[in-house]
Each structure stands twice: as structure tokens, then as C-alpha cells.
Protein chains: 2
Amino acid sequence: MGASKIIDYTEEQILVAKYAKALSHPARMAIMQLLLSKHSCICGDIVDELPISQSTVSQHLKELKEAGLIRGQIDGVSICYCINEPEWSKLTELLGHFFEKRHVKTNSCC
Amino acid sequence: MGASKIIDYTEEQILVAKYAKALSHPARMAIMQLLLSKHSCICGDIVDELPISQSTVSQHLKELKEAGLIRGQIDGVSICYCINEPEWSKLTELLGHFFEKRHVKTNSCC
DNA sequence: ATCATTTATCGTAATATTACGATTGATATG
DNA sequence: CATATCAATCGTAATATTACGATAAATGAT
């Protein structure tokens with residue numbers, strides 16, 4: 001009968017979902033925008049910019065780091081965060097590819 | 001001292017986070033890809049395609065519907081789902097804008 | 001009217017997320 | 001060395017997510 005009952009999700013689906021999840025909270029979006037907007041890196045200023053506590057910001061930073069989207073480097077007593085350029089390129093390419101070229105025509109049923 | 005302690009997240013941050021969250025699970029990515037790939041709508045075939053139960057698929061469909069990304073229309077005993085074109089355009093525009101033009105140069109600290 | 005099919009919803013359990021304050025560990029400065 | 005500062009981690013609580021089976025509601029077929 002049905003052609004293809006999939007066994008599992010594709011690598012692409014898993015990867016895009018991972019990136020999407022990393023960006024699925026306003027605080028993490030705000031952090032990424034901050035890091036993208038500054039030409040130099042930011043440290044604990046992030047905490048000052050966000051409307052949440054230091055520990056919560058740290059948690060969000062950890063998630064972004066684990067997703068590979070940002071990196072941190074010790075700079076004296078502070079830590080300097082910035083975009084992880086190679087991974088960010090991968091993300092933009094993937095999402096760009098996914099969200100740009102799709103042209104949906106109005107379908108018959110909806 | 002610090003210039004701008006933000007009161008709350010921006011509309012854009014909240015909106016992109018919302019879309020990202022909708023796409024933050026492989027099952028929902030798979031559903032979106034299915035709907036994007038078919039030129040006509042899909043119904044309960046989605047259930048057959050995914051490696052999860054019918055009730056779980058229905059839950060994911062509900063989330064995508066609540067995010068505004070898909071629509072469903074009754075078609076006899078089945079329900080036909082498809083991309084919600086206007087909202088999808090908004091998403092692609094937003095994400096396209098966000099992920100395309102950003103050019104990150106290697107920063108000083110990381 | 002009865003039965004089968006399709007999809008949504010309910011109930012529930014396991015796990016993850018989000019947030020905070022308190023604490024710890026590291027580095028700088030007095 | 002003592003103290004202040006910065007950021008991560010711990011402990012904890014509240015809430016959300018994910019998944020399933022069972023059930024319900026709606027439609028189509030017999």
C-alpha cells in the first residue's frame with residue numbers, strides 16, 4: 001500500500017530541528033542578535049541587556065554553546081562570547097536553502 | 001555605565017523564537033517538508049510517513065496549526081493539511097532576512 | 001441503523017525547559 | 001593575603017513537551 005513508512009527522521013530534519021530549538025527562545029534570539037550586531041565580542045554585558053537573571057542567561061549561553069552556535073573565551077575575569085562562524089555558516093546555508101527557494105502555490109484543498 | 005538594560009524582548013525576537021519553536025522537532029520538520037514537497041495536500045498519510053503514533057502526530061499538527069504554519073480542511077472523512085501560505089511567507093521573509101545578510105567577520109577575541 | 005475509518009482529544013507518565021537564588025571557582029585588585 | 005568581581009554550577013520549583021494507548025466524534029459505506 002503506502003509507499004514509504006519512514007524508519008527515522010533524516011539527518012537534515014534532525015539538524016534543522018536542532019538549530020531551530022537553539023533559537024526557540026526569545027532570550028537566545030536576543031543573545032544571537034547582540035553577538036551578530038557587535039563587531040567585537042560581548043561578555044557579561046549580555047546579562048545587563050537581558051531581562052532575566054545571570055544564572056538564567058548563563059544557562060541560555062550554555063545551550064547556544066552546546067548547539068555549536070557560539071563560542072566563549074576567557075578574557076581576564078570575564079568571558080568573551082562570539083558567533084561560531086563555521087557553524088553559523090552551516091546554519092544559514094541550511095536554513096537559507098530551506099526557506100528561500102520554497103515556493104508554495106495555493107493548493108487545491110486548503 | 002551600561003547603556004541599555006532592555007525591559008523586554010522585541011517583537012521580532014518573540015516572533016522568530018515562536019517560528020523556531022514550531023520547527024524545533026524533527027517530526028514537525030518532517031511534516032513541513034512533506035507538505036512543502038507535495039504539490040497537493042496531504043492528510044493522514046502523514047501518520048504513515050512518520051515513525052510515531054497517530055495521536056502524537058496529531059499533537060504535532062496541532063502545534064504547527066497553532067503557530068499558523070499549516071491549515072487543515074475537512075475532506076470527507078479525512079483532513080487535508082497544507083502550508084498556510086501567507087504565514088509561511090512571513091516566516092521565510094523574516095528568517096531569510098535574518099539568516100541571509102548576516103556576515104560575521106572573525107572577531108578579535110574568539 | 002450498523003459498522004469501519006479517520007482524526008482529535010483525554011488521561012497519564014516520563015522527561016525537558018525555564019527560572020531563580022545561593023554557592024563555587026577563577027581572576028583581578030587592594 | 002584579603003576582597004571584589006565575573007561567570008558557571010547546584011539545588012529546586014514550576015511548567016512544558018513528548019509520547020502513548022484509549023476513547024470520542026464525525027463521516028462514509030453497507
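Note on naming: letters A, B, ... go to the chains in the order of the sequence lines (proteins, then strands), and numbering restarts at 1 for each one.
Note: NZ (A:Lys18) to P (C:dT17) measures 14 Å, nearest angstrom. One atom, NZ of B:Lys62, and another, P of D:dA16, lie 13 Å apart when rounded to the nearest Å. The separation between A:Asp45 atom CG and D:dA7 atom P is 8 Å, rounded to whole Å.
Counting any heavy atom pair closer than 4.0 Å across all strands shown, A:Ser78 reaches sugar-phosphate atoms only and no base atom.
Applying the 4.0 Å criterion to OP1 and OP2 of D:dC6, one finds that A:Tyr81 has every side-chain N and O outside that range.
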Contact string for nucleotides 18-30 of chain C, one letter per nucleotide 5' to 3', B = base within protein heavy-atom range under 4.0 Å, S = sugar-phosphate only, - = neither, reads BBBBB----BS--
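Applying the side-chain hydrogen bond (donor to acceptor under 3.5 Å, both in side chains) criterion to A:Glu93, with sequence neighbours excluded, gives no partner residue. Residues satisfying the salt bridge (Lys or Arg N to Asp or Glu O under 4.0 Å) criterion with B:Lys21, sequence neighbours excluded, are absent altogether. Applying the side-chain hydrogen bond (donor to acceptor under 3.5 Å, both in side chains) test to A:Ser89 and every residue at least two apart in sequence or in another chain returns A:Glu85.
Checked options A:Leu35, A:Leu69, A:Leu64; the residue passing with A:Ile83 is A:Leu35 (criterion: side-chain contact (heavy atoms from CB on, under 4.5 Å)).
Sequence neighbours left out, the pairs with a member in residues 51-67 of chain B that pass salt bridge (charged side-chain N to carboxylate O under 4.0 Å, His left out) are B:Arg28-B:Glu63. Sorted by first and then second residue, the salt bridge (charged side-chain N to carboxylate O under 4.0 Å, His left out) pairs with a member in residues 51-60 of chain A form an empty list; sequence neighbours excluded.
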